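On a predicted model such as this, the values are computed, not experimentally measured, just so you know.
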Amino acid sequence: MSARIRALTAFAAAVLFAAGLTVSAPAPAAEAAVPATIPLTFTNNSGRGEQVYIYNLGTELSSGRQGWADANGTFHPWPAGGNPPTPAPDASIAGPANGQSLTIRMPKFSGRIYFSYGQKLVFRLTTGGLVQPAVQNPGDPNRDILFNWSEYTLNDSGLWLNSTQVDMFSAPYAVGVKRADGSVATTGRLKPGGYSGFFDALRGQPGGWAGLVQTRADGTVLRALAPGHGIEAGALPAGVMDDYVNRVWNKYSTSTLTVTPFSNRPEVKYYGRVSGNAMNFTNGAGAVVTTFQKPDSDSIFGCYKLLDAPNDEVRGPISRTLCAGLNRSTLLTNPNQPDSGAAEFYKDVVTNHYSRKIHAQMADGKAYGFAFDDVGAHESLVHDGNPQTAYVTLDPFS
């Protein structure tokens, strides 16, 4: 079972964390091994002088209520929102200065740890829940704020903590967890020069990819939008993946795509063949189990819409694998998916260049460059069943 935490692909919407995060973590153990809160050490090695603000927002797992946690790990439910949205309570925690650390407490949440530089983030509440930043919208109040976030689930079975670029690449950071034996697992750290290296590479990529980069009026580089949000904002051509999809559909109109979606169940296989605009998947008995219409670029980058992945045992796992193969452009070179060999990813001229360039700059090669980057275990995730301390480290921009 995957232990990933998936970011909401429809990032622009006003959403609840319960709807916005899909957590594939094991069910809690009958007897909790994890305390009600664990320490989170937040270290500022950014080299920047601005005040940092921290937010711990999410769903309280014991009650299903959405809200925020203060520095002591105490849960505060959101009040009722309005239409138009009303200001949310100030959930910010003053973060450490450059070169300093601050330890706060994490409760049993499924949520996000936001951090911002120089300005507090603007959160509002609708009658349906929390409105999250949607910086692909030029009118979003957070558009000119330098910020980022990590995602996590802490429950009775342990901690799952990731660094994510599913929605955007922005202020660099790493995550970690200290285990009971004293060892520390970390991920999310860029190579030396990786931050500027990513933006330089993206600006140099033909085909409109430079349009994903957002800057402030003072010249500060704020972020690169993920390509799906870039399409939404008009910053990336909507048909950027069409040529590759057409070639895939042509190939599998006369040959078979074999999908083995569960690494621990190699006997479960599905077989894809294209007929017209549809790719039909059959099981070993030859019965059609699900069908995918030819996806557009946005469906591929978001792994949703025409590549929807419900939490089931058939369509969802097939969609995850198909989505990964399309983003990594491995479907033409390997008819047996998933392709676990990262050396063969992103080799086609038509590919998810945003994700390609992120992975190229990561010290361990791991990232969440798109929603199902965990297919084949290429995601930037730390997990432990008995976490002693969690870590978020703000890294240098150089």
Side-chain angles (χ1 to χ4, degrees), residues 5-23 52-61 63-70 74-95 106-107 109-153 162 164-171 212 214 216 222-235 298 301-305 368 371:
I5 305 173
R6 185 186 177 197
L8 176 67
T9 52
F11 183 61
V15 294
L16 309 180
F17 274 100
L21 299 175
T22 302
V23 182
V52 170
Y53 299 96
I54 305 168
Y55 303 80
N56 189 353
L57 315 179
T59 298
E60 183 185 45
L61 296 179
S63 68
R65 296 180 299 172
Q66 294 125 30
W68 56 281
D70 60 28
T74 302
F75 175 73
H76 301 268
W78 296 120
N83 187 15
T86 58
D90 185 357
S92 64
I93 301 166
M106 299 171 70
F109 258 20
S110 177
R112 290 179 173 178
I113 301 164
Y114 281 91
F115 58 90
S116 63
Y117 288 91
Q119 292 177 258
K120 292 183 179 181
L121 291 168
V122 178
F123 292 102
R124 295 189 177 122
L125 297 165
T126 69
T127 54
L130 183 69
V131 181
Q132 299 188 55
V135 291
Q136 69 273 26
N137 177 0
D140 187 276
N142 300 292
R143 166 64 174 76
D144 285 338
I145 300 176
L146 180 63
F147 73 97
N148 212 336
W149 71 88
S150 175
E151 298 173 345
Y152 79 95
T153 290
N162 71 23
T164 177
Q165 300 84 29
V166 169
D167 289 295
M168 66 180 189
F169 177 94
S170 187
L212 298 177
Q214 292 186 337
R216 201 157 53 198
L222 294 168
R223 63 190 66 88
L225 294 175
H229 296 318
I231 290 173
E232 178 187 344
D298 189 37
F301 295 137
C303 297
Y304 73 142
K305 290 169 50 179
Y368 262 118

For the pair [X] (side chain) and [Y] (backbone), establish whether a donor and an acceptor sit closer than 3.5 Å, ignoring hydrogens and angles.
X      : Y      : value
Arg65  : Glu60  : no
Tyr114 : Leu121 : no
Ser170 : Leu222 : yes
Ser150 : Asn162 : yes
Gln66  : Gly58  : no
Asp140 : Ala134 : yes

Just wondering, do [Y] and [X] contact through their side chains at under 4.5 Å, heavy atoms?
X      : Y      : answer
Arg112 : Tyr55  : no
Leu125 : Leu130 : yes
Val166 : Glu151 : no
Pro89  : Phe123 : no
Pro227 : Phe301 : yes
Thr153 : Leu61  : yes
Val52  : Tyr117 : yes

Taking all non-hydrogen atoms of both residues, which atom of [X] and which atom of [Y] are closest, and how far apart?
X      : Y      : result
Gln119 : Asp144 : OE1-O, 4.0 Å
Arg216 : Ile145 : NH1-CA, 4.4 Å
Gly95  : Ile54  : CA-CD1, 3.8 Å
Arg223 : Asn142 : NH2-O, 3.7 Å
Gly230 : Leu212 : CA-CD2, 3.6 Å
Val135 : Gln214 : O-NE2, 3.0 Å

Test log, rule side chain to side chain contact (heavy atoms under 4.5 Å, CB included), inputs Met168 and Asn148: CA-CA 8 Å; Met168 66 180 189; Asn148 212 336; 4.1 Å; yes
Parallel, tilted or perpendicular: ring planes of Tyr152 versus Phe109, cut at 30 and 60 degrees: parallel
Aromatic ring pairing Trp149/Phe147, orientation class (parallel under 30°, perpendicular over 60°, tilted between): parallel
Residue list, salt bridge (charged side-chain N to carboxylate O under 4.0 Å, His left out) with Lys305, at least two apart or on another chain: Asp296, Asp298
Salt bridge (charged side-chain N to carboxylate O under 4.0 Å, His left out) contacts in which one or both residues fall within residues 129-138, not counting sequence neighbours: none
Nearest-0.5 Å distance, CZ of residue Phe75 to CG of residue Asn56: 10.5 Å
CH2 on Trp78 to OG1 on Thr86, rounded to 0.5 Å: 10.5 Å
More than 12 heavy atoms of other groups within 6.0 Å of Arg143 CZ: yes
